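We count ligands from 1, going down the list as the structure has it; atoms in each ligand are counted the same way. Everything quoted here is computed from the prediction, not taken from an experiment.
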Amino acid sequence: MIIPIKTIDGIRADFPILNEKVYGKSWVYFDNAASGQKPKAVIQAITEYYEHTHSNVHRGVHYMSQRATDKFEHARKRVAQFLNAAETHEIIWTTGATEGINLVAATYGRKFLKAGDEILISGMEHHANIVPWQMLCEEKGCILKVIPMLDNGTLDMQAFDSLLSEKTRFVSVAYVSNALGTINPVKEIIQKAHALRIPVLLDGAQASCHFLVDVQELDCDFYVFSGHKVFGPTGIGVLYGKSELLDIMPPYKGGGEMIETVTFEKTTYAGLPFKFEAGTPDIANAVGLGAGIDYLEEIGWDFIQKQEDLLFQYAMEEIKKLKEVILYGTAPEKVSVISFLIDGVHPYDVGTILDKMGIAVRTGHHCTQPLMARLGIPGTVRASFAFYNTKEEIDRLIEGLKKAIKMLR
Ligand code: PLP
């Protein structure tokens, strides 16, 4: 069970993996932007589901099928509350942020965009928010436009103003950059796009793990995130879409669950959300994601943000003392992600030394090759913090960096 007192020790005890040792040392996990760790509450919810509830959903009149359906649909309701969606049926289960973006590109994009239409993304997108739009452009003859990035890792909003035009038919941007941690001014982007009646998709893969997102307040048309980044299971994610848009979009995949009637002559489709959920869904992981959201709310977003802020400020203070370190992405609005290089040293070598000291960071292009090209570097070292990390772990990182500087420079 969750320890109700919000001490870091109590919170860390909720995450069994944080007790692991690597190379005989207690493990420091600073790769949270790649995936969050799982509290017992999530692990237990999945186990409990398989041990006491599993049956296929929606189709069975039998007791256990109805119990599974109740749990599965309860999880959808929890996600709707989490995002403050107006309707539960605006929550579509996906395998993750990547599938959510592909779904919108392949359905809304194929149906409503035509040759010459412009799709606007930003220069700091993850490949997941670039490639699906490029594939659509290849197929339909649309044109991909890119909001450039300023040197400090913020979007060039003057350039955005001039790129947004009557030709723009869709805007898809990251709420938060995974490589740099920048929080983008998405409200302004949405307001300006809506003034021209252009729909906006927000890639929330790096937002929903750091702060609460209100899709109605933002007024975004689509929002995607992945369960595993919000301390839930892998293999499950969410697409939120406004009903009026989801209603007019064609289905994504065909199969069971997404139909109303089937004859060999014609199939009619189910209503929302099932129209977009062909086949047996990932029931257990949906239930796990619901439990993850419960857990985060129990910890409290105030606590989560304060702890991350404290860690980020401390890490920045300490890392800035190392004159060999070059920081990338120094936007005023950031989440707890630090991207950097040791001058003259390949990020992979830094990552390897840190790993041997039991510290997990990410190195490389972080699936943002165009962003790295803009910065003129092959990649960075990225340390990303979660609310269960500690100042002592940051001390270990700094100690590791000092060692790397000594050995590699
Ligand atoms: N968008 C951003 C900003 C991300 O950081 C990621 C993953 O790192 C994705 C999309 C893709 O997420 P997933 O691989 O869980 O689908």
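Nearest protein neighbour of atom 10 (C) of ligand 1, counting heavy atoms only, is D203 OD2, 3.4 Å.
Each of the following atoms of ligand 1 lies closer than 4.0 Å to a heavy atom of H228: 15 (O). Numbered from 1 in the order shown, with element, the atoms of ligand 1 that lie under 4.0 Å from a heavy atom of Q206 read 3 (C), 4 (C), 5 (O), 8 (O). Of all the atoms in ligand 1, the ones that sit under 4.0 Å from a non-hydrogen atom of H126 are 1 (N), 2 (C), 3 (C), 4 (C), 5 (O), 6 (C), 7 (C), 8 (O), 9 (C), 10 (C), 11 (C).
In T98, the parts holding a heavy atom less than 4.0 Å from any atom of ligand 1 are both the side chain and the backbone. Under 4.0 angstrom from ligand 1, there are no non-hydrogen atoms of A174. When heavy-atom distances to ligand 1 are checked against a 4.0 Å cut-off, E125 has no atom that comes that close, whether in backbone or side chain.
K229 counts as a contact of ligand 1, since one of its heavy atoms falls under 4.0 Å from the ligand. Residue contact annotation: N129 has no non-hydrogen atom under 4.0 Å from ligand 1.
The ring of F274 has its center no closer than 6.0 angstrom to the ring center of Y269. For H365 and H126, the distance between ring centers is not under 6.0 angstrom.
Y108 and F112 have tilted rings, their planes meeting at an angle from 30° to 60° on a 0 to 90° scale.
Taking both residues in full, the closest heavy atoms of L180 and Y328 are given as CD2-O, 3.7 Å, listed atom of the first, atom of the second, then distance. The two residues Y240 and C220 make their nearest non-hydrogen contact at CE2-O, 3.7 Å.
For the pairing with Y175, the ring pair (Phe, Tyr, Trp, His ring centres under 6.0 Å) check across F225, F222, F211 returns one residue only, F211.
Annotation: cation-pi geometry satisfied between K391 and Y314 (NZ/CZ under 6.0 angstrom from ring centroid, within 45° of ring axis).
Considering backbone and side-chain N/O atoms, S226 comes within less than 3.5 Å of an N/O atom of ligand 1.
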